[in-house]
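Data block below; observations after.
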Number of protein chains: 2
Amino acid sequence: MQENDRQTSRTQLAVESIRSLIFSGDLAAGTDHLENELAERLSMSRTPIREATRVLEAQGLLEVRPRKGVRILTLSAEDMNEIYVVLTELESLAAGLAARGKYSKAQLKPLLQSVLDMESSLQCKDRESWAAADERFHDELVRLAGNSRIAAITSNFNDQVRRARAFTLHLRPLPVKSNEEHRALFEAIARGDEKGARKIHWRHRENARKTLIGILEEVGMKHL
Amino acid sequence: MQENDRQTSRTQLAVESIRSLIFSGDLAAGTDHLENELAERLSMSRTPIREATRVLEAQGLLEVRPRKGVRILTLSAEDMNEIYVVLTELESLAAGLAARGKYSKAQLKPLLQSVLDMESSLQCKDRESWAAADERFHDELVRLAGNSRIAAITSNFNDQVRRARAFTLHLRPLPVKSNEEHRALFEAIARGDEKGARKIHWRHRENARKTLIGILEEVGMKHL
DNA sequence: GCGTAATTTAATGTATACGTTATCCCATAC
DNA sequence: GTATGGGATAACGTATACATTAAATTACGC
């Protein structure tokens with residue numbers, strides 16, 4: 001009856017389902033949910049739900065508050081700032097490491113492709129596809145850095161700010177400048193310019209951070 | 001009969017107990033342990049053990065391998081390097097943020113105290129107490145940076161490399177230079193020199209990284 | 001009506017039961 | 001001796017039972 005495989009255990013399924021529900025907003029930030037409710041919703045007993053929520057708590061997506069249910073975490077502007085500061089630092093480091101990697105043009109192809117994709121998305125003013133390409137760019141950048149810890153942390157933080165980014169996607173100006181920065185970063189990595197890559201990406205992220213925080217303050221969005 | 005309080009739930013107790021057992025070496029790196037074994041050892045049922053091991057897995061201290069028990073993770077020299085690279089980056093960032101904080105002498109007292117403690121430990125050649133003061137120094141530094149994410153990540157990584165550091169503590173030369181660096185960093189923070197603080201700490205950590213990796217390679221320690 | 005104590009409710013923490021199945025062991029075939 | 005297959009074992013995943021206790025509700029005295 002039950003699947004024993006780690007990939008398809010109810011616990012694993014619960015982790016993924018709850019993550020999706022959080023990202024989609026079905027479990028809105030700031031709302032509370034009892035174990036029973038989640039169990040019923042996902043058609044399983046409380047046992048896998050409990051294991052899943054403990055894992056998601058460790059990942060910073062929710063908070064277990066005994067007798068009040070799990071609370072989907074909200075992010076204040078201050079939280080956002082903290083996260084962006086760390087992302088800026090670690091991705092810049094990643095950019096430097098990627099440049100140090102002396103990759104060939106062929107190896108950098110996926111990175112270049114994501115830049116091209118962003119440029120074409122920008123021409124059609126298609127923000128959604130631009131965002132998707134942007135995510136690929138950042139993922140690829142971190143992958144090229146070859147440090148699994150950096151990858152794990154940035155992935156986790158990107159999960160945490162995903163909602164905020166989606167929210168502001170349509171509120172901010174078309175990211176023309178952002179694209180120029182991506183291209184410049186690509187060039188720096190391609191020519192193995194570690195310091196340059198670091199600096200370019202650092203400024204890129206700083207800009208992104210300021211834009212995001214600016215919008216959140218403008219909209220008076222205290223929590224997201 | 002059971003304690004319901006989050007602080008003293010069996011799950012929480014299991015998390016802390018298992019952590020201690022790992023740090024003390026009672027659960028040695030690379031060894032496997034069945035849920036039943038752990039449950040019996042900690043005098044509780046498998047339920048809290050399972051929840052605890054999932055959390056510890058998310059924290060990177062062990063790996064759940066169905067039917068083979070949980071494996072206490074070992075760290076290769078490469079893992080160590082990855083972790084130190086990230087620690088270097090984030091703690092340097094913390095040092096810069098601490099300097100930017102423009103703290104008063106009074107507020108910096110704990111930091112200074114840990115430097116003084118290290119210096120006196122060094123005079124008695126007491127490595128253990130030096131290491132304890134060193135840990136206080138780094139904790140305080142990160143605290144002063146005022147970014148809870150940096151604190152969480154560095155704390156987690158320090159946990160992961162704790163065994164390795166303890167192992168090499170008596171193999172490396174007395175950290176005279178390290179102490180000079182701590183003092184210099186303190187001065188930089190005290191005078192609000194953000195760039196200087198960053199640079200000093202970066203070099204400090206780089207030295208620590210190279211020393212550690214050097215020793216591990218010298219001793220031919222592939223895993224720890 | 002209001003504050004406090006008693007009572008009920010229900011969410012949780014934990015133990016336990018049990019079905020499933022990976023793994024091990026051995027018998028048999030070659 | 002090696003390989004294959006079947007059966008036993010036991011570790012795990014999950015559901016469920018149940019005691020505990022925080023929170024909600026009611027009862028009560030003033």
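The chains referred to below are lettered A, B, ... by the order of the sequence lines, with proteins before strands, and numbering in each begins at 1.
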>> Rounding to an integer number of Å, can you tell me how far A:Leu34 CG sits from C:dG13 P?
In response: 12 Å
>> Rounded to whole Å, how long is the line connecting atom CZ of A:Arg50 with atom P of C:dT14?
In response: 7 Å
> Whole-Å distance between D:dT14 P and A:Arg10 CZ?
Replying inline: 7 Å
> Between C:dA22 atom P and B:Arg65 atom CZ, what is the distance in whole Å?
Replying inline: 16 Å
>> Is the shortest side-chain heavy-atom distance between B:Asn158 and B:Glu91 below 4.5 Å?
In response: yes
> Hey, which of these two, B:His33 or A:Pro48, hits DNA chain D nearer its 5' end, going by closest nucleotide?
Replying inline: B:His33
>> With a 4.0 Å cut-off on N to O distance, would you call B:Arg162 and B:Asp159 a salt bridge?
In response: yes
> From the list D:dA23, C:dC18, C:dT12, which nucleotide is the closest neighbour of the side chain of A:Lys68?
Replying inline: D:dA23
>> Quick check on DNA chain D: between A:Ser43 and B:Asn36, whose nearest nucleotide comes earlier from the 5' end?
In response: B:Asn36
> Is a side-chain N or O of A:Arg127 found less than 3.5 angstrom from the main chain of A:Leu169, in a donor-acceptor match?
Replying inline: yes
> Given D:dG13, is OP1 or OP2 found less than 4.0 Å from the side-chain N or O atoms of A:Thr11?
Replying inline: no
> Between D:dT14, C:dT23, C:dT14, which one does the side chain of B:Glu51 approach most closely?
Replying inline: C:dT14
>> Between C1' on C:dT14 and CD on A:Glu35, what's the gap in Å once rounded to a whole number?
In response: 12 Å
> Residues two or more places apart in sequence or in another chain: which of them pass ring pair (Phe, Tyr, Trp, His ring centres under 6.0 Å) with B:His204?
Replying inline: B:His138, B:His182, B:His201
> Nearest to the side chain of B:Ser9 - D:dA23, C:dC18, C:dT14?
Replying inline: C:dT14
> Where do B:Glu40 and B:Asn36 land on the side-chain hydrogen bond (donor to acceptor under 3.5 Å, both in side chains) test, with the steps shown first?
Replying inline: CA-CA 6 Å; B:Glu40 196 159 337; B:Asn36 272 329; over 6 Å; no
> Could you give the CD1-to-P distance, from B:Ile49 to C:dG13, as a whole number of Å?
Replying inline: 16 Å
> Out of D:dA23, C:dA22, D:dA15, which has the shortest distance to the side chain of B:Arg67?
Replying inline: C:dA22
> Roughly, in whole Å, what's the span from CZ in B:Arg46 to P in D:dA10?
Replying inline: 15 Å
> Quick one: the side chain of B:Thr47 and the base of C:dT16, do they pair up donor-acceptor inside 3.5 Å?
Replying inline: yes
>> Measure CG/B:Leu13 against P/C:dT14 and give the value in whole Å, please.
In response: 9 Å
>> Please pick, from D:dG13, C:dG13, D:dA15, the nucleotide with the shortest atom-to-atom distance to any side-chain atom of A:Met44.
In response: D:dA15
> A:Pro66 side chain: which of C:dT12, D:dA15, D:dC12 is closest?
Replying inline: C:dT12
